[in-house]
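Notes for the one structure printed next.
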Amino acid sequence: MDLQSTSLAAVVRSDLIGQDGVTKFSPNRRFATVYSEGSPADIIFFIDSGLVKTYKRGQDNKEIILQIVGAGEIFGEQCLGSESSRTMAAEVLQEGVIYVIPRDIFLRVCEKRPELWRDISGVLTVRKRQLEKKIELLCLHDVEYRILYYMAELARTFGAKANGSEYSIPLSQGELASLIGATRETTSTTLNTLARRGLIKLGRRQLIVPSVDGVLAAADQRAKAAKVP
């Protein structure tokens with residue numbers, strides 16, 4: 001988590017949680033809907049524990065995951081601008097505790113503590129860079145590189161230590177396909193190839209990274225090989 005997110009989380013926990021009007025949402029199952037595309041944008045959310053994905057779904061029902069948000073982070077921040085309805089959907093990836101904060105309550109705290117806008121700006125800047133990186137990956141890199149890149153990023157950001165240096169990432173192969181912008185079939189084939197090379201391990205609704213350094217080295221080799229004429 002970056003410094004802005006850490007600072008913002010501290011204020012949410014100290015000044016917002018417990019206020020009248022702020023409620024706790026404790027989804028007890030994966031895939032629980034937090035909000036749908038087109039629903040009113042009048043609430044901001046804070047994740048105390050668990051994981052949430054934000055995504056868009058096309059007319060062909062194909063889904064692309066835009067971001068994965070973890071503990072200590074806000075999401076649904078579109079409500080702080082001029083948008084009156086959601087332009088994306090949000091769904092639980094890993095059960096936990098989410099606090100539901102009405103926009104007017106959140107803004108009141110920001111008025112009392114204007115330095116919060118600096119932290120919010122920092123969070124939005126990081127998310128903008130993440131989306132720019134996603135576009136770069138989709139346009140300039142193949143599926144294997146995209147998988148290696150995200151495996152390293154997710155392991156360092158959200159991975160839970162499974163055994164020694166191994167990291168367990170709570171994503172299914174289909175969810176990874178939605179994250180990297182590839183078909184389920186191509187993603188599965190590539191994952192099996194990487195598993196045979198010992199770079200990852202496949203589990204039920206989880207992906208295991210035995211060594212982040214190993215995945216990063218493989219990604220670097222893949223990028224260099226792609227530049228060879």
Side-chain angles (χ1 to χ4, degrees), residues 1-56 65-131 153-161 167-171 175 205-206:
M1 194 188 305
D2 56 81
L3 290 176
Q4 287 84 6
S5 292
T6 302
S7 177
L8 184 57
V11 173
V12 171
R13 289 190 167 110
S14 64
D15 290 20
L16 280 160
I17 292 176
Q19 280 203 33
D20 289 341
V22 176
T23 57
K24 184 165 70 172
F25 171 50
S26 300
N28 57 9
R29 63 181 178 85
R30 214 171 187 220
F31 311 123
T33 297
V34 182
Y35 57 77
S36 303
E37 189 171 351
S39 61
D42 54 2
I43 292 170
I44 193 165
F45 300 85
F46 174 75
I47 303 179
D48 196 46
S49 61
L51 292 175
V52 168
K53 68 176 181 182
T54 61
Y55 66 96
K56 291 186 75 72
I65 296 176
L66 301 174
Q67 290 170 328
I68 296 177
V69 191
E73 295 188 82
I74 61 169
F75 68 100
E77 67 276 4
Q78 297 85 359
C79 74
L80 300 178
S82 58
E83 295 177 2
S84 59
S85 59
R86 303 287 182 189
T87 58
M88 62 186 77
E91 189 175 276
V92 172
L93 265 180
Q94 187 179 61
E95 299 88 342
V97 175
I98 300 170
Y99 285 93
V100 180
I101 308 169
R103 175 173 52 197
D104 59 340
I105 294 177
F106 191 88
L107 291 177
R108 274 204 307 270
V109 172
C110 289
E111 288 172 3
K112 294 177 182 177
R113 303 186 62 167
E115 71 274 12
L116 281 178
W117 289 115
R118 180 185 60 225
D119 295 330
I120 293 169
S121 175
V123 170
L124 298 182
T125 298
V126 169
R127 290 184 179 173
K128 179 176 179 289
R129 289 196 196 117
Q130 290 172 341
L131 290 174
E153 284 295 300
L154 293 170
R156 290 183 296 193
T157 308
F158 302 121
K161 279 288 186 79
Y167 287 88
S168 174
I169 302 166
L171 281 182
E175 287 162 342
R205 288 187 179 172
Q206 67 173 339

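The residues of the chain are indexed from 1 along the displayed sequence. This structure is a prediction, so every number in the text was calculated from the model and none was measured.
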Would you say [X]'s side chain and [Y]'s backbone share a donor-acceptor pair under 3.5 angstrom?
| X | Y | answer |
| --- | --- | --- |
| Ser121 | Trp117 | no |
| Lys24 | Val100 | no |
| Arg86 | Gly76 | yes |
| Ser39 | Ser36 | yes |

Flag side-chain contact, heavy atom, 4.5 Å: [X] against [Y]:
| X | Y | result |
| --- | --- | --- |
| Val92 | Leu51 | no |
| Asp119 | Leu116 | yes |
| Asp48 | Phe46 | yes |
| Gln94 | Pro170 | yes |
| Met88 | Leu66 | yes |
| Asp42 | Cys79 | no |
| Val52 | Ile47 | yes |
| Ile65 | Thr54 | no |

- Item | Salt-bridge present (Glu73, Arg127; N to O < 4.0 Å) | yes
- Query: Between Arg30 and Glu95, is there a salt bridge with N-O shorter than 4.0 Å?
  - Reply: no
Nearest 0.5 angstrom please: [X] [atom1] to [Y] [atom2], how far?
| X | Y | atom1 | atom2 | result |
| --- | --- | --- | --- | --- |
| Arg13 | Tyr99 | CZ | OH | 9.0 Å |
| Arg108 | Leu16 | CZ | CG | 9.5 Å |
| Gln19 | Ile101 | CD | CD1 | 9.0 Å |
| Tyr55 | Leu93 | OH | CG | 10.5 Å |
| Gln130 | Thr157 | CD | OG1 | 8.0 Å |
| Leu80 | Ile120 | CG | CD1 | 5.5 Å |

- Task: Take Asp15 and Lys112, measure what salt bridge (charged side-chain N to carboxylate O under 4.0 Å, His left out) needs, and give me the verdict at the end.
- Result: CA-CA 11 Å; Asp15 290 20; Lys112 294 177 182 177; over 6 Å; no
- Message: Side chains of Thr33 and Glu91 only: does a donor on one sit below 3.5 Å from an acceptor on the other?
- Response: no
How close do [X] and [Y] get, heavy atom to heavy atom, and via which atoms?
| X | Y | value |
| --- | --- | --- |
| Arg103 | Glu83 | NH1-O, 4.2 Å |
| Ala71 | Ser49 | CB-CA, 4.0 Å |
| Phe75 | Ile44 | O-CG1, 3.4 Å |

- Hey, do the aromatic rings of Phe45 and Tyr35 have their centres closer than 6.0 Å? yes
- Task: Apply the test side chain to side chain contact (heavy atoms under 4.5 Å, CB included) to residues Lys56 and Glu37: give CA-CA distance (whole Å), side-chain angles for both, the deciding distance (0.1 Å), then the verdict.
- Result: CA-CA 8 Å; Lys56 291 186 75 72; Glu37 189 171 351; 3.0 Å; yes
